[in-house]
2 protein chains.
Amino acid sequence: MSTPRRMTLKDLARELGVSTATISNAFNRPDQLSPALRERILGEAKRLGYRGPDAKARSLRTGRSRIIAVVLAESLTYSINDAVASELLSGIAEVLDAHGHTLLLLSARQMRSELPGAASMADGYIVYGLMPSQDLLEPLPPQSPLVAVDFDVEGRPSIHVDDEPACYAIARHALSRRARRPAIINLRLTAEPCNGPIGADRRLLSADQTITRSRLSGFYRALAEAGHDPAGVPMWNVEENTFEVCAPVLEALLDLPEDERPDLLLCMSDRIALTALTLAERRGLRVPEDLRLTGFDGIAEGQYRAPRLTTVRQDSVEKGRMAARMILGLIEPRSHTLTTDLWLGDSCP
Amino acid sequence: MSTPRRMTLKDLARELGVSTATISNAFNRPDQLSPALRERILGEAKRLGYRGPDAKARSLRTGRSRIIAVVLAESLTYSINDAVASELLSGIAEVLDAHGHTLLLLSARQMRSELPGAASMADGYIVYGLMPSQDLLEPLPPQSPLVAVDFDVEGRPSIHVDDEPACYAIARHALSRRARRPAIINLRLTAEPCNGPIGADRRLLSADQTITRSRLSGFYRALAEAGHDPAGVPMWNVEENTFEVCAPVLEALLDLPEDERPDLLLCMSDRIALTALTLAERRGLRVPEDLRLTGFDGIAEGQYRAPRLTTVRQDSVEKGRMAARMILGLIEPRSHTLTTDLWLGDSCP
DNA sequence: TTCGCCATCTGGATCGATTCAGTTAGCTCG
DNA sequence: CGAGCTAACTGAATCGATCCAGATGGCGAA
């Protein structure tokens, strides 16, 4: 006889001899009916195994699903297994949960012309770190709220940290002690994959990823100020902010003959810097004596290792909270730039 | 004047002079109408800006939402920023996406008596690594499919790896070279938090987390076989599989006087072992000469560092794929145990 | 010619709630 | 006493699709 059809609000109304509107009110608007009746309804509901109004029906009727979709750049593996992204997500989840919403996870590669499954029914979209040039946002319902994190979308609010000044500051600090041969290790520049050294032709101007461009621009400013020709400073690219992708690139760099090997690495993330640290130690290079390193993000691991990482601390949890509040309409949707702190560690004293 | 009301299937039908059923078929059942008409409908739909059938309405009518919820133990911060969990998630996402489903993320702490927001409308639930004793699953709709990963739920399919034999094998290998003072570092044992050394009273029998119990039991078997009294082997607990939570515990352990300090650490995860490795190096302890280490999971980072980690490799991506296939009904829902590989590295040769 | 069949298309009931515009009863107040 | 008001509750339309049970027409076979 299969399943005995889930009990509906109407069944419960019939059972209790009241109208469906009253049942609905008992669940959603306590002030619309007498406490006594409400008690009786909720009690009977529990007794009869009615599990509350059906979410699918409610979302059709009200037009709201209580789902917020988070669109992550790249694959989920990459985006999720990353201290920064996971802090962002937990900040988002914290606020959503406190307001009865849930989080749908989408990766950029799912942004085909038609959104998969239920993605189109989200009440809003938080989009994290896409490349502006890839126009992946077209399939999103144009009317729904959208907040961009770490990049910009024309006409939409976005949340950033002060990447440029922060990178200027950390690079300035690093260059206050003379560097014979500084180098920049940067995160993905463009949609086109590229691991390894980058020629001057494919640099700042072509940088598509917003944070990469801002951070780079901060580094350049400090380098120029310190008397280096930014265009002449070696730059190496890593496609993904993971140990396994960074490692080969950094190994190639560290295996350069001593007179070509950089003595200062301005890294665009702590993950890169920590990978460099691990690989340097393995080669018997001393940090900071033989190699100085700066990071970005301020992830916990960087502060536990010896030497402690010199880095820029950003509060990704707060970034997530703010994005969520904005998408829920708890604060005015308007672009924000959060501040960061310079953490002087031992990797670049 | 607000928004000019989203165009509906009915509007499109009127516009084209066909029935709504035909429009619906054009989108969902191409074989139910002539190719020519279908062409015309899809063309006109695009021209008029009709973005396809509304997901909310569809899910009410069909009873399916195309959403699969993944319930993660603990907070999202902890669960997500973990190589194993993120591999699991990406395996799940890969399969879901290929079949037009999307992934809703829930944390165990959201499992209150009423599921938040749209969580109750999921078509199925994949639950990861909860403690069986905390009965968090009660709020889930009892009829919907459920797959448990890394633990068991009465009467439901689950997916495991062969924790016990794998841990037996790696401990047996580790103990084949005489250990003066082995110790076990294990993941959370019970719902009640506990970081640090654990007395014999709160051990195997009280272990609530399924994988902890299985792994521990494998270690015990090998220890007993090697002539150690398992109950006498020091055991230290870490609450979370993160650098920042493991570090203080391991620091306390490594700072013991030399004659009390373990010379072999059987760790329940690579994260623990890698943290131990980092902290040991910082103290000038040589691995494996002064301290031997084994891990579990086979995460990438462990194979890049020197010394390479001796560990048990499990395929978490495949675990995720299998869970997703099961929940979508692509394979028979039945408990599975995946096999693992022993990877002999240099941390415990 | 007539019958049956298939391909194609249609009408309308239905999914399970929410919500708005009432209705009723009880109470207050001049 | 009766008008007016409010609190408490109701009936029915509605959200936007899906999908069953037909209706229609054209074509081939007997």
Side-chain angles (χ1 to χ4, degrees), chain A residues 3-41 45 48-66 100 114-115 117-118 120-121 123 141 143, chain B residues 2-42 45 48-66 100 114-115 117-118 120-121 123 141 143:
Chain A
T3 25
R5 204 174 61 71
R6 193 175 168 289
M7 159 164 265
T8 72
L9 185 150
K10 199 194 266 179
D11 300 333
L12 186 57
R14 194 177 316 112
E15 199 74 32
L16 278 157
V18 298
S19 82
T20 59
T22 301
I23 308 279
S24 176
N25 285 332
F27 281 96
N28 303 310
R29 312 186 180 185
D31 56 314
Q32 293 294 304
L33 75 174
S34 67
L37 180 55
R38 183 172 133 91
E39 263 332 283
R40 192 160 74 91
I41 289 175
L48 295 174
Y50 176 66
R51 306 179 70 88
D54 180 77
K56 300 187 193 85
R58 164 185 284 163
S59 71
L60 171 59
R61 177 58 233 231
T62 63
R64 270 161 293 109
S65 62
R66 295 161 177 251
E114 323 246 320
L115 286 183
S120 63
M121 68 188 249
D123 292 340
Q143 335 249 21
Chain B
S2 74
T3 22
R5 205 172 59 69
R6 194 175 168 288
M7 158 162 266
T8 71
L9 186 148
K10 198 193 265 180
D11 301 332
L12 187 57
R14 193 177 319 112
E15 199 75 31
L16 278 158
V18 299
S19 82
T20 60
T22 300
I23 308 279
S24 176
N25 284 333
F27 281 96
N28 303 309
R29 312 190 182 182
D31 56 313
Q32 293 294 304
L33 74 173
S34 66
L37 179 56
R38 183 171 132 91
E39 264 332 286
R40 193 160 75 89
I41 290 175
L42 296 183
L48 295 174
Y50 177 66
R51 305 179 71 89
D54 180 79
K56 301 189 194 85
R58 165 185 282 164
S59 72
L60 171 59
R61 177 58 233 227
T62 62
R64 270 161 293 108
S65 61
R66 296 164 177 250
E114 322 248 317
L115 287 184
S120 63
M121 69 187 248
D123 293 340
Q143 335 250 19

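To find a chain, count down the sequence lines: A is the first, B the second, and so on, and within it residues start at 1.
- Rounded to the nearest 0.5 Å, atoms CG (B:Leu33) and CD1 (B:Ile41) are 5.5 Å apart.
- A straight line from CD of A:Gln32 to P of C:dT23 spans 18 Å, rounded to a whole angstrom.
- For the pair B:Asn25 CG and C:dG11 P, the interatomic distance rounds to 14 Å; values are reported in whole Å.
- Of all the heavy atoms in A:Phe27 and A:Ala45, the pair that sits closest is CZ-CB, 4.1 Å.
- The side chain of B:Leu60 lies closest to C:dG16 when the candidates are D:dT18, C:dT10, C:dG16.
- Checked against C:dT18, C:dC9, D:dC9, the side chain of A:Arg61 finds its nearest nucleotide in C:dT18.
- Atom pair B:Phe27:CZ and D:dG16:P shows a separation of 15 Å (rounding to whole Å applied).
- The side chain of A:Thr20 lies closest to C:dT19, out of C:dT19, D:dC9, C:dC15.
- A:Met121 has its CE atom 18 Å from the P atom of D:dC15, to the nearest Å.
- Minimum interatomic distance between B:Ala118 and A:Ser65 (heavy atoms only, all atoms of both residues): CB-O, 3.4 Å.
- Here the straight-line distance linking atom OG of A:Ser19 with atom CG of A:Asn25 works out to 8.0 Å at 0.5 Å rounding.
- The two residues B:Asp123 and B:Arg66 come nearest to each other via the heavy atoms OD2-N, 2.7 Å.
- Among the atoms of the strands shown, base atoms are found under 4.0 Å from some heavy atom of A:Thr22.
- Here C:dT18 presents its C1' atom at 12 Å from CZ of A:Arg66, a figure rounded to the nearest Å.
- Between B:Val18 and B:Ala57, the residue anchored nearer the 5' end of DNA chain C, judged by the nucleotide with its closest heavy atom, is B:Val18.
- When the C1' atom of D:dA17 is taken as reference, atom CZ of B:Arg29 falls 13 Å away, rounded to whole Å.
- The side chain of B:Asp54 sits closest to D:dA17 out of D:dC9, C:dG11, D:dA17.
- Of the candidates D:dG16, C:dT10, D:dG11, the closest approach to any side-chain atom of B:Thr8 belongs to D:dG16.
- With rounding to whole Å, B:Arg64 atom CZ is found 17 Å from D:dA17 atom P.
- For B:Leu9, taking side-chain heavy atoms from C-beta onward, the closest of the listed nucleotides C:dG11, C:dG16, D:dT18 is D:dT18.
- Checking C:dC15, C:dT19, D:dT18 against every side-chain atom of A:Ser24, the shortest atom distance belongs to C:dT19.
- Among the atoms of the strands shown, only primed sugar atoms or phosphate atoms (P, OP1, OP2) are found under 4.0 Å from some heavy atom of B:Tyr50.
- Nearest-nucleotide positions on DNA chain C place B:Leu37 closer to the 5' end than the other of A:Gly52 and B:Leu37.
- Going from atom CZ of A:Arg38 over to atom P of D:dA8 covers 13 Å, rounded to whole Å.
- The two atoms that bring B:Tyr50 and B:Thr8 nearest to each other are CE1-C, 3.6 Å, heavy atoms only.
- As judged by a 4.0 angstrom heavy-atom cut-off over every strand, A:Ile23 is placed among residues making no nucleic acid contact.
- Applying the 4.0 Å criterion to OP1 and OP2 of C:dC9, one finds that B:Ser34 has a side-chain N or O inside that range.
- Distances shorter than 4.0 Å separate some side-chain N or O of A:Arg58 from OP1 or OP2 on C:dT18.
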